[in-house]
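Here the structure is a predicted model, which means the values were calculated and not measured. Naming: A, B, ... by sequence-line order, numbering from 1 per chain.
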Amino acid sequence: MKKIVDRDGCVLSGLDGKQKRHNLTASLAVALFFVISAFTFMNFLFVLSDCAGSIVCASPDVALRDALRSAPIILSFFLTLSGLMTAHTFYRNESPDILRKKAKKHATIGIVTGTVLIVYVTVMLIAGRYLSIVEGAPSPLYPLDSVLYALAFVAAGIGIRAYLGKAGDEPLFCGPSRPTVWKKGRGVRSFFRMIWLLTGLYGFCGFFYSFFIVDFRVGYVPYSVASIFVSFIAFISLPVWEFCYNNLTAEKRMKKTLPPAILYLAVSLAATVFYFLALKKNLDGPSNVGFGLLPIAFSASVNLATLFVVAVPLVVSVAALVKGIFRRIKAKE
Amino acid sequence: MKKHLICFITAAAMLLSFVGCSAVQKSSEHLEDYVFNVQYHDDFNILQLTDIHWNVNSSTKASTAYLDKLLEEVNGHIVAEQGESAKIDLVELTGDMFMLANSYHLKTFIDYFEKKAEEYGFLYAPVWGNHDRHALYSPNKLAKEFREAPHCIYFEPNDDLYGRSNYVINLTEDGTADSAVAWMIANIDSGASFSETELSVSRDYDYIRPEQTDWFISEHALAGEDVPVIAYYHIPQDENAKAWTEVTEKGSDIKNKYFKLEDFADNGKEEFASDFIDRAKDHNLKAAFMGHAHNVDWTFEYEGVVVGLGVKTGTELYFAHIDADSEDEAMRTGLKSVGITEDFDLIGASLVTLTGRDGSFDLEHLYFNERENGDFAVWVKW
């Protein structure tokens with residue numbers, strides 16, 4: 001069997017042409033699905049925020065009506081997430097067995113979610129809950145666009161299952177292998193990584209949209225810049241982690257944990273301090289210049305969600321710092 | 001590499017400083033800029049639509065179908081009451097037209113109102129609500145679209161006034177600035193919300209700031225001290241809650257009517273109380289109408305000024321279901337005041353008819369619900 005793992009510093013060193021191609025395809029797929037997941041997550045948050053607003057204002061009937069109408073938006077997020085997870089499984093390629101098992105699982109989730117979405121829209125149309133297949137809002141083609149999106153995922157899911165089924169014992173995918181997630185405390189790790197991922201998606205979308213919706217009005221520049229900076233810090237750790245840190249071999253990672261952790265902590269702290277100074281300068285900034293970036297915070301008229309976006313990078317960097325210190329001590333022993 | 005980085009940071013800082021340094025207009029030196037002139041006639045009809053709240057979950061098809069029927073009902077009512085030539089003259093959109101919306105909603109909304117303005121012959125004037133700033137479009141885009149819409153009256157200068165847009169519509173004899181002003185309509189941005197400190201967990205709803213009141217008084221002086229005024233804005237100011245306390249706790253004999261089924265959602269703090277009505281009432285303010293709290297259309301008369309919330313338009317976000325058999329004191333009081341004996345939803349519109357140049361006007365609330373066996377439409381006079 002071809003050696004697909006190179007632990008000589010970087011997992012990308014010494015790859016042949018086919019391995020490079022597979023690695024590039026998997027990396028691009030992860031990046032693409034991350035971006036699409038971010039946009040679908042923002043839509044999901046918008047739906048959720050509006051429904052939460054209705055519930056808070058004692059109109060659960062309106063919340064239910066809206067949730068039923070927007071279920072395809074909610075399902076589209078989970079659909080995209082299944083795509084991200086599938087692509088990520090290939091990218092990590094922990095072992096041929098894990099790859100086959102996990103990729104099949106995520107592809108199946110995509111097929112099931114997509115099918116549910118298509119059936120749901122069909123039933124809603126027949127029941128007259130949608131006035132037309134292109135009822136409009138939030139896009140001109142809604143809910144038809146959701147159906148087409150789901151169809152693409154169902155087709156892709158079937159394709160992936162067929163690809164993995166065809167492989168038999170011979171690995172069809174030969175991209176580099178990256179370290180496995182530790183079995184110890186896997187559940188807790190997965191939970192916190194999911195929070196990290198969701199905050200990263202939120203941050204990426206906020207960062208992207210901020211160039212279009214943040215309003216640099218006179219007097220609001222500090223807050224506008226701070227909100228862009230905080231969004232950036234909220235997501236940047238993810239690509240650094242995935243595309244830089246995880247390309248190191250396990251030995252290298254043991255040595256290289258501490259410096260980026262210290263750097264990220266410093267940047268996160270700077271972002272937090274900057275954010276609060278900007279807020280002090282523009283106490284009405286959040287609600288006046290592009291609060292579309294923070295839908296939950298605005299709906300609830302509280303600053304908690306904003307604090308959450310500021311806090312998660314701090315938690316991530318502190319966790320990385322603790323890990324780095326622990327590894328350094330262990331290495332000395 | 002270092003040099004490049006320094007250049008990049010310097011360029012970014014310069015760019016940002018330029019953004020923050022564009023010229024700020026002094027409102028007191030450009031009072032005429034804030035004025036639109038529209039021709040006045042007796043029985044000038046102003047329809048208030050408020051809190052339409054198009055959002056990511058809205059069906060624009062369903063919502064416009066509701067608005068179609070609502071406008072038809074209002075137009076029919078006006079024609080029946082005032083004659084064939086009467087029409088809706090002005091539509092005041094008193095904030096929260098959107099919430100968690102995107103550019104598609106924005107375009108569809110303006111296209112719709114342009115079409116209806118053409119059909120019924122009205123102009124429309126939007127006022128910012130707290131949620132209109134809360135979307136996946138830039139607030140600048142919303143402002144630009146409104147400015148460019150042919151039937152929309154809107155103005156947003158880069159000025160020293162609080163809020164994005166404060167402007168007045170002077171109803172003059174011939175529709176130009178050359179003739180006498182019969183009525184003034186003041187459209188004021190009551191803001192959104194603010195933190196008391198940078199560490200506050202909660203936020204307070206905004207209020208009309210003293211400099212906006214100063215500006216209003218200057219605009220009124222320009223139009224003429226005797227000109228009667230109606231103000232439209234989004235967030236209720238402190239007078240509403242104070243009047244409610246006077247009526248319910250002190251038993252004051254203040255004329256009041258309609259429903260009050262939740263708080264007014266003002267900031268409720270004395271230090272952030274607005275001086276607008278207190279000072280504007282000495283400048284011929286006849287009425288002030290707003291939105292914001294969907295389960296309230298309670299209206300009262302305070303020292304000669306009629307102050308009240310418009311009826312929430314449409315079914316987005318939340319609205320009250322009125323139960324004719326309810327034991328709830330507030331609902332029973334509201335029902336008694338409007339004389340309706342069946343269940344209905346507290347949605348519809350409000351209509352003001354300016355009956356004379358002396359400051360007289362009529363106010364009616366329309367409760368309009370779509371129903372399969374014939375729509376529910378009840379008009380209740382103030």
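- Options Ala278(A), Ser54(A), Ser224(A) differ in how many heavy-atom pairs under 4.5 Å they form with chain B, and the most are formed by Ser54(A).
- The distance from the CE atom of Met99(B) to the CZ atom of Phe46(A) is 9.5 Å, given to the nearest 0.5 Å.
- Note on Arg133(B) versus Asp284(A): no salt bridge recorded, every NZ/NE/NH1/NH2 to OD/OE distance being 4.0 Å or above.
- Here Asp204(B) contributes atom CG and Ser287(A) contributes atom OG; the two are 10.5 Å apart, rounded to the nearest 0.5 Å.
- Taking all atoms of both residues into account, the shortest heavy-atom contact from Thr315(B) to Arg65(A) is OG1-NH1, 2.8 Å.
- Ser58(B) and Arg69(A) form no side-chain donor-acceptor contact under 3.5 Å, judged by distance and modelled atom types alone.
- Using a 4.5 Å cut-off between heavy atoms, Glu196(B) touches chain A through its backbone atoms (N, CA, C, O) alone.
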### Task
Evaluate side chain to side chain contact (heavy atoms under 4.5 Å, CB included) for Leu317(B) paired with Val62(A), printing each intermediate quantity in order.
CA-CA 7 Å; Leu317(B) 193 61; Val62(A) 177; 5.7 Å; no
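- In terms of heavy-atom pairs under 4.5 angstrom with chain B, the leader among Pro222(A), Cys57(A), Pro60(A) is Cys57(A).
- With a 4.5 angstrom heavy-atom cutoff, Leu277(A) does not touch chain B via any of its atoms.
- Counting heavy-atom pairs under 4.5 Å between each of Tyr318(B), Trp54(B), Tyr104(B) and chain A puts Tyr104(B) at the top.
- Going from atom CG of Asp215(A) over to atom NZ of Lys141(B) covers 13.5 Å, rounded to the nearest 0.5 Å.
- For the side-chain contact (heavy atoms from CB on, under 4.5 Å) criterion with Ser49(A), the lone passing option out of Asn55(B), Val56(B), Leu100(B) is Leu100(B).
- No hydrogens or angles considered: a donor-acceptor pair under 3.5 Å links the side chains of His321(B) and Asp61(A).
- Residues Lys61(B) and Glu135(A) share a closest heavy-atom pair of CG-O, 3.5 Å.
- Residue Tyr130(A) does not touch chain B at all, counting heavy-atom pairs closer than 4.5 Å.
- Residues Ile213(A) and Tyr137(B) approach most closely at CG2-C, 3.4 Å, considering heavy atoms.
- When the side-chain contact (heavy atoms from CB on, under 4.5 Å) test is applied to Asp111(B), the partners found at least two apart in sequence or on another chain are Lys107(B).
- Side-chain polar atoms of Ser70(A) and Asn57(B) form a donor-acceptor pair below 3.5 angstrom.
- Heavy atoms of Ala62(B) lying under 4.5 Å from chain A belong to its backbone as well as its side chain.
- Take Leu68(A) and apply the side-chain contact (heavy atoms from CB on, under 4.5 Å) test, not counting sequence neighbours, and it matches Leu64(A), Tyr120(A), Met124(A), Arg129(A).
- For Arg164(B) against Asn288(A), the heavy-atom pair with the smallest separation is NH1-O, 4.2 Å.
- For the atom pair OH of Tyr209(A) and CG of Asn102(B), the computed distance is 8.0 Å after rounding to the nearest 0.5 Å.
- Residue contact with chain A, scored on non-hydrogen atoms closer than 4.5 Å, is absent for Phe98(B).
- The OG atom of Ser138(B) sits 14.0 Å away from atom CZ of Phe211(A), with the distance rounded to the nearest 0.5 Å.
- Residue Phe39(A) holds its CZ atom at 10.0 Å from CG of Leu136(B), rounded to the nearest 0.5 Å.
- The environment of Lys256(A) atom NZ is sparse: at most 12 non-hydrogen atoms of other residues, nucleotides or ligands sit within 6.0 angstrom.
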